[in-house]
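Report on one structure; see the data block that follows.
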There are 4 protein chains.
Amino acid sequence: MDAILAAAAQVFEAHGYAAGTTNRIAIKAGVSIGTLYQYFSSKEAIAVALLEQHIADTGHRLHEWVGHMVVEQHSLSEALNDYVTDMLEMHSRQPRLQHILLEETPIPERVHQALLESERQAAKTVAGLLRLYPEVRQSGLEHTCFVVVQSVESLTHRFAAHPDDEFIPRATFVNEVVTMLLAYLTCEARHE
Amino acid sequence: MDAILAAAAQVFEAHGYAAGTTNRIAIKAGVSIGTLYQYFSSKEAIAVALLEQHIADTGHRLHEWVGHMVVEQHSLSEALNDYVTDMLEMHSRQPRLQHILLEETPIPERVHQALLESERQAAKTVAGLLRLYPEVRQSGLEHTCFVVVQSVESLTHRFAAHPDDEFIPRATFVNEVVTMLLAYLTCEARHE
Amino acid sequence: MDAILAAAAQVFEAHGYAAGTTNRIAIKAGVSIGTLYQYFSSKEAIAVALLEQHIADTGHRLHEWVGHMVVEQHSLSEALNDYVTDMLEMHSRQPRLQHILLEETPIPERVHQALLESERQAAKTVAGLLRLYPEVRQSGLEHTCFVVVQSVESLTHRFAAHPDDEFIPRATFVNEVVTMLLAYLTCEARHE
Amino acid sequence: MDAILAAAAQVFEAHGYAAGTTNRIAIKAGVSIGTLYQYFSSKEAIAVALLEQHIADTGHRLHEWVGHMVVEQHSLSEALNDYVTDMLEMHSRQPRLQHILLEETPIPERVHQALLESERQAAKTVAGLLRLYPEVRQSGLEHTCFVVVQSVESLTHRFAAHPDDEFIPRATFVNEVVTMLLAYLTCEARHE
DNA sequence: GATGAATGAGACTTCATTCAT
DNA sequence: TATGAATGAAGTCTCATTCAT
């Protein structure tokens with residue numbers, strides 16, 4: 001039941017995994033606790049379903065973004081700005097949820113593998129797009145894109161979870177991150 | 001009692017915040033549960049103390065690193081490599097602890113402010129060091145350094161917590177991050 | 001519905017009374033839980049119906065055995081051997097069911113009385129048969145037969161439920177029980 | 001805590017295993033539910049402890065009886081009467097408990113083996129006593145005693161659980177059982 | 001009649017915290 | 001000051017039963 005998952009997302013977001021009780025989820029979803037357990041075999045199963053949904057969701061967003069960029073022929077700078085802004089907005093909507101699912105939930109190995117795979121996939125997808133930009137350094141692009149994806153993921157999450165608007169406004173933050181990525185993608189390769 | 005905090009760090013690291021019971025902490029610390037409660041008024045108080053210790057610790061490490069760099073006159077690239085390696089090593093030793101303290105603990109506002117302040121301080125400290133390097137772009141250096149600090153923090157944590165060695169080995173990862181920071185710090189300013 | 005009772009017998013046998021859920025019974029019977037409740041007002045009602053069926057069944061078996069013995073003119077020893085073997089085989093097929101019905105189900109008084117009555121009846125029936133054997137001591141035959149019936153019931157159940165084949169093989173066990181009953185039925189009366 | 005075991009015995013006796021809730025046990029024992037779980041790791045552990053206590057208890061009773069008989073030089077008939085009376089009295093005090101522990105509790109294999117062993121031991125102990133009586137048939141005495149022990153166990157339990165005083169008074173019942181055992185123990189061996 | 005999704009009381013169990021010793 | 005047995009609120013999950021379709 002989607003209502004249960006939606007309720008669970010809100011409850012986990014608000015209370016964390018441990019304090020996000022199945023009863024609270026059921027109440028928020030407007031169903032009885034018994035009904036909840038007819039659709040999900042355990043609390044963990046709910047978290048896993050949520051995580052899988054999140055993984056799929058992130059994949060879709062990324063593909064949409066890539067498609068959009070290809071069609072619109074935005075500049076590299078615009079493309080990155082779009083990407084960072086989109087991710088920051090998404091994490092701001094539910095700043096805690098993703099990390100709760102990733103860090104507080106006992107994830108089955110299967111799902112853990114799916115998660116790693118989806119991150120590799122994301123790196124490849126982004127690489128596919130960036131290959132179209134001539135100013136982007138092509139050597140080692142997949143590793144570079146992996147770091148790009150990780151950077152965007154973790155920086156936007158961090159800022160969304162603990163914003164420090166007084167010190168650095170949101171727009172400035174996005175701008176800085178884009179600058180960093182741009183510099184990274186267009187610099188000469190460094191040899192250790 | 002430092003023994004209690006040390007025990008708590010290990011227990012939280014191993015079991016998470018919710019499953020890290022006060023009894024387990026007391027046993028690991030070699031004291032009775034009663035004694036534990038004579039030094040800390042609640043489980044939350046332990047986590048907060050741990051977080052404050054962590055904040056102070058991180059500050060010290062940063063200062064030491066800066067001092068070391070100033071004395072040794074390392075190149076910018078070497079300096080960044082040092083920094084990233086150090087942080088990655090630290091997060092690898094206790095991949096979960098920092099995020100447990102940051103995300104699973106109900107932090108009092110006072111500590112939250114201290115945390116933000118320490119991050120601003122870190123940005124300033126790093127800026128102080130980097131100002132010594134002529135190749136570093138000086139405009140907006142504090143904001144830039146804030147993003148640098150955040151990037152190192154979050155990327156090393158992420159890689160330590162969920163390494164994907166098959167896809168990208170640790171050394172390569174460090175190298176890529178350094179490359180990114182180097183490019184970021186030395187690039188021309190971008191205007192939106 | 002006989003299908004429900006048959007399913008209930010299997011489910012109780014396999015899981016016990018408490019863990020023998022009405023849903024499992026319904027599934028095994030190939031009907032929905034709603035249908036089950038249209039034929040039986042409660043879980044307890046199913047157990048009671050099963051017990052009543054068991055009581056009737058046991059009565060029939062006994063009568064058949066008696067009829068058979070009368071016709072075939074078996075020796076007393078053969079007759080007892082038949083009886084014990086038959087009961088042991090029956091209890092081996094469903095070692096738990098009878099005791100579940102007797103001990104784990106809250107039996108209504110009416111059924112409890114029917115149960116006692118059926119055991120008295122059984123004693124009388126057996127007495128009716130044994131009276132035909134001249135070697136059987138006739139004094140106090142009904143009480144004696146009551147003990148005979150109880151012995152066979154409880155000993156065969158016990159052996160079926162917790163066999164100790166290593167210590168005493170099944171055939172030996174049957175033989176010993178028959179020997180005991182034979183001795184009991186043909187001995188001189190004892191006066192206290 | 002012995003109070004908990006005593007309370008558990010009463011609660012199981014009164015409600016059965018499934019309905020004998022840990023809360024009821026705790027209340028009856030006059031402790032909180034938390035205390036109960038400090039002494040027993042689970043509901044099953046309580047039942048197992050109770051069963052082990054019962055096994056030990058039965059062994060002691062048997063030994064005491066044997067010692068008593070040897071010293072007092074009672075006749076075989078008196079000895080058996082003592083035995084049956086004692087067991088009937090014991091089962092009458094808690095008619096359901098033993099079978100609840102035996103049939104409704106998920107017993108670990110270790111305890112199951114201990115149970116079988118204790119029954120073999122009982123047969124041997126009884127055989128040791130009966131060997132002293134010249135009128136007792138000596139051939140196959142251990143198997144015979146096994147059946148004797150099983151008979152007394154199961155008949156007294158059955159009568160205690162579902163007495164039918166109207167049909168056969170308790171004294172008469174004991175008398176009949178003793179008569180049966182006496183006949184069994186002193187009869188000529190039967191050959192199939 | 002048949003269905004089965006929904007219900008919710010109540011079971012077992014955990015663990016932060018207290019307090020008499 | 002140190003101890004640790006005792007507490008009990010609160011959590012996850014089960015299952016007999018109902019009732020709208």
Side-chain angles (χ1 to χ4, degrees), chain A residues 1 3-4 11 15 17-27 29-47, chain B residues 1 4 11 15 17-27 29-47, chain C residues 1 3-4 11 15 17-27 29-47, chain D residues 1 3-4 11 15-27 29-47:
Chain A
M1 197 97 133
I4 294 173
V11 170
H15 300 89
Y17 181 73
T21 74
T22 51
N23 268 296
R24 264 202 264 252
I25 294 171
I27 290 169
V31 300
S32 76
I33 183 67
T35 301
L36 184 151
Y37 274 92
Q38 232 162 18
Y39 289 91
F40 297 94
S41 60
S42 68
K43 182 180 178 179
E44 190 186 324
I46 298 177
Chain B
M1 196 91 128
I4 294 174
V11 170
H15 300 91
Y17 182 71
T21 71
T22 50
N23 263 292
R24 262 204 265 253
I25 295 172
I27 288 169
V31 301
S32 77
I33 183 67
T35 302
L36 184 152
Y37 272 89
Q38 238 151 17
Y39 287 91
F40 296 95
S41 62
S42 71
K43 183 181 177 178
E44 193 187 321
I46 297 175
Chain C
M1 197 92 132
I4 294 173
V11 170
H15 300 91
Y17 182 72
T21 71
T22 50
N23 265 294
R24 260 204 266 253
I25 294 172
I27 288 168
V31 300
S32 75
I33 183 67
T35 303
L36 184 150
Y37 272 88
Q38 239 153 18
Y39 288 91
F40 296 94
S41 62
S42 70
K43 184 180 178 180
E44 191 186 323
I46 297 175
Chain D
M1 197 99 132
I4 293 172
V11 170
H15 300 91
Y17 180 73
T21 73
T22 49
N23 268 295
R24 264 202 264 254
I25 295 172
I27 290 169
V31 300
S32 77
I33 184 65
T35 301
L36 184 151
Y37 274 91
Q38 232 162 17
Y39 289 92
F40 296 95
S41 60
S42 69
K43 183 180 176 178
E44 191 186 324
I46 298 176

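On a predicted model such as this, the values are computed, not experimentally measured, just so you know. Each chain gets a letter, A, B and so on, in the order the sequences are listed, and its residues count up from 1. Below, each value reflects all heavy atoms present in this structure, side chains not excepted, and no hydrogens, waters or symmetry copies.
Per the geometry, CD1 belonging to I25(C) stands 17 Å off C1' belonging to dG4(E), to the nearest Å. Remark: C1' of dT12(F) and CG of L36(A) are 11 Å apart, rounded to the nearest angstrom. Put simply, NE2 on H15(D) is 14 Å from C1' on dG10(E), counting in whole angstrom units.
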Item to check | Under 4.0 Å protein heavy-atom contact, by nucleotide of nucleotides 15-21 of chain F - B base, S sugar-phosphate only | outcome: SBBB---
Checklist entry - So what's the dot-bracket for DNA chain F: Watson-Crick or G-U pairs under 3.5 Å, [ ] if a pair crosses, | if it pairs off-strand? => result .||||||||||||||||||||
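Annotation: ring pair (Phe, Tyr, Trp, His ring centres under 6.0 Å) contacts of Y17(B) (sequence neighbours excluded): F12(B). Applying the side-chain contact (heavy atoms from CB on, under 4.5 Å) rule to A29(A) yields the partners I4(A), A7(A), V31(A); only residues at least two apart in sequence or on another chain are considered.
Applying the 4.0 Å criterion to OP1 and OP2 of dT1(F), one finds that Y39(B) has every side-chain N and O outside that range.
A side-chain contact (heavy atoms from CB on, under 4.5 Å) with I33(D) holds for exactly one of T22(D), T21(D), I25(D); it is T22(D).
For residues 29-43 of chain B, the side chain to side chain donor-acceptor pair (under 3.5 Å) pairs, not counting sequence neighbours, are S32(B)-T35(B).
Heavy atoms of F40(D) sit nowhere under 4.0 angstrom from any nucleic acid atom.
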